[in-house]
Amino acid sequence: MNIIKIEETASTNALLKEWTQKQSLEEMTVLVAQSQTAGRGQRGNGWESEPDKNLTFSILLHPVFLPLQKHFLLAEIVALAVQEVLRNLNSLFSIKWSNDIYFENRKIAGILIENEIIGVQISQSIIGIGLNVNQEIFTSNAPNPVSLKQILHQEFDLDGLLDKIVGRFEYWYEQLKAGQYAHISESYHNALYRKTGFHAYQDANGQFQAQLLSVSDDGYLHLQTEQGEERCYAFKEVSFVNFRWYDHVF
Ligand code: BTN
């Protein structure tokens, strides 16, 4: 593992990608920035992070061994690494499908995975992770952000957290390489937000109550409605409905 720390960049995902176009970098190169001036989120959103207060970093991988139809296992191990480190601090952290990390109904971390696919292989994957740590005021229009400090009322050491997350990620990446797909998937399911009981969801046809059945290795969410009908959704096709927030799932 090779951890590179810089003061500032627009986006660690963008910079790491730029570097890979100019030189060959070893797998598990980690680029950490104290500050991002144009942090990128999912669905073209930005990622708010006050300088020096949070973790914003990207990891370079070459997961050529992973069958394309199992690509979502990569997202699962990233989410697991972050959730497990947080779970040691408090049991209420969960993974919200597809790959947000939540504390109760609020988002503490986001993950942005950018893959390059050649033929049937993921030739390169840049895994971007943003974890809200010591920030106390959020100003963007993100619906429900929260930080560790807001939850646990203490400051956290950023390097210590980074080491733990990268350490857990290394463990899970080895599991992925070893083809331990069932172990990964089971651990991911155990950590899922709203994994039991009926909850409100919204799709293109409106709101409905459903329970979570599973997430498949290609990332689809399988739900069962109160009437017993099974429904299957790709990213962006369904949202979790909260009494306060309509927080999109991807
Ligand atoms: C999301 O919208 O939930 C994903 C947010 C991902 C943010 C991280 S911060 C480090 C890396 N660099 C970026 O520009 N984005 C990711």
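Atoms within a ligand are numbered from 1 in the order they appear, just like the ligands themselves.
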Starting from the C-alpha separation in whole Å, work towards a yes-or-no answer on ring pair (Phe, Tyr, Trp, His ring centres under 6.0 Å) for Y201 and F240. CA-CA 5 Å; Y201 292 85; F240 291 79; 5.0 Å; yes
Assess whether ring pair (Phe, Tyr, Trp, His ring centres under 6.0 Å) is satisfied between H183 and W172, documenting all intermediate values. CA-CA 10 Å; H183 172 43; W172 281 112; 4.9 Å; yes
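Protein heavy atom in closest approach to atom 5 (C) of ligand 1: W47 CE3, 3.4 Å. Considering only non-hydrogen protein atoms, atom 6 (C) of ligand 1 sits nearest to R40 O, 3.5 Å. Here the protein heavy atom with the shortest distance to atom 10 (C) of ligand 1 is T12 OG1, 3.2 Å.
For ligand 1, one of its N or O atoms has an N or O atom of K107 under 3.5 Å away.
Every heavy atom of N45 sits 4.0 Å or more from the atoms of ligand 1.
Of all atoms in ligand 1, listed by their number and element, those nearer than 4.0 Å to a heavy atom of D100 are 3 (O). In summary, the atoms of ligand 1 found under 4.0 Å from a heavy atom of I111, numbered by their order in the structure, are 3 (O), 4 (C). Which parts of ligand 1 touch G39 is read off a 4.0 Å heavy-atom cut-off, strictly below it: atoms 14 (O). Residue-ligand proximity, S11 to ligand 1, at heavy-atom distances under 4.0 Å covers atoms 12 (N), 13 (C), 14 (O). Interface atoms of ligand 1 facing G41, defined by a heavy-atom separation under 4.0 Å, are 1 (C), 2 (O), 4 (C), 5 (C).
Among Q42, K96, E114, Q36, the residue whose heavy atom lies nearest to atom 1 (C) of ligand 1 is Q42.
Cation-pi check for R194 over Y102 is not met; the charged atom does not lie both under 6.0 angstrom from the ring centroid and within 45 degrees of its normal. Judged by the 6.0 Å distance and 45° axis criteria, R106 is not positioned over the aromatic ring of F103.
Put simply, the side chain of N90 gets close to the backbone of L92: a donor and an acceptor are under 3.5 Å apart.
Atom NZ of K17 is surrounded by 12 or fewer heavy atoms from other residues, nucleotides or ligands within 6.0 Å. A 6.0 Å sphere centred on CD of E7 holds no more than 12 heavy atoms belonging to other residues, nucleotides or ligands.
The proximity of I129 to ligand 1, defined as any non-hydrogen pair under 4.0 Å, is limited to the backbone.
For the residue pair D52 and Q34, a side-chain donor N or O sits within less than 3.5 Å of a side-chain acceptor on the partner.
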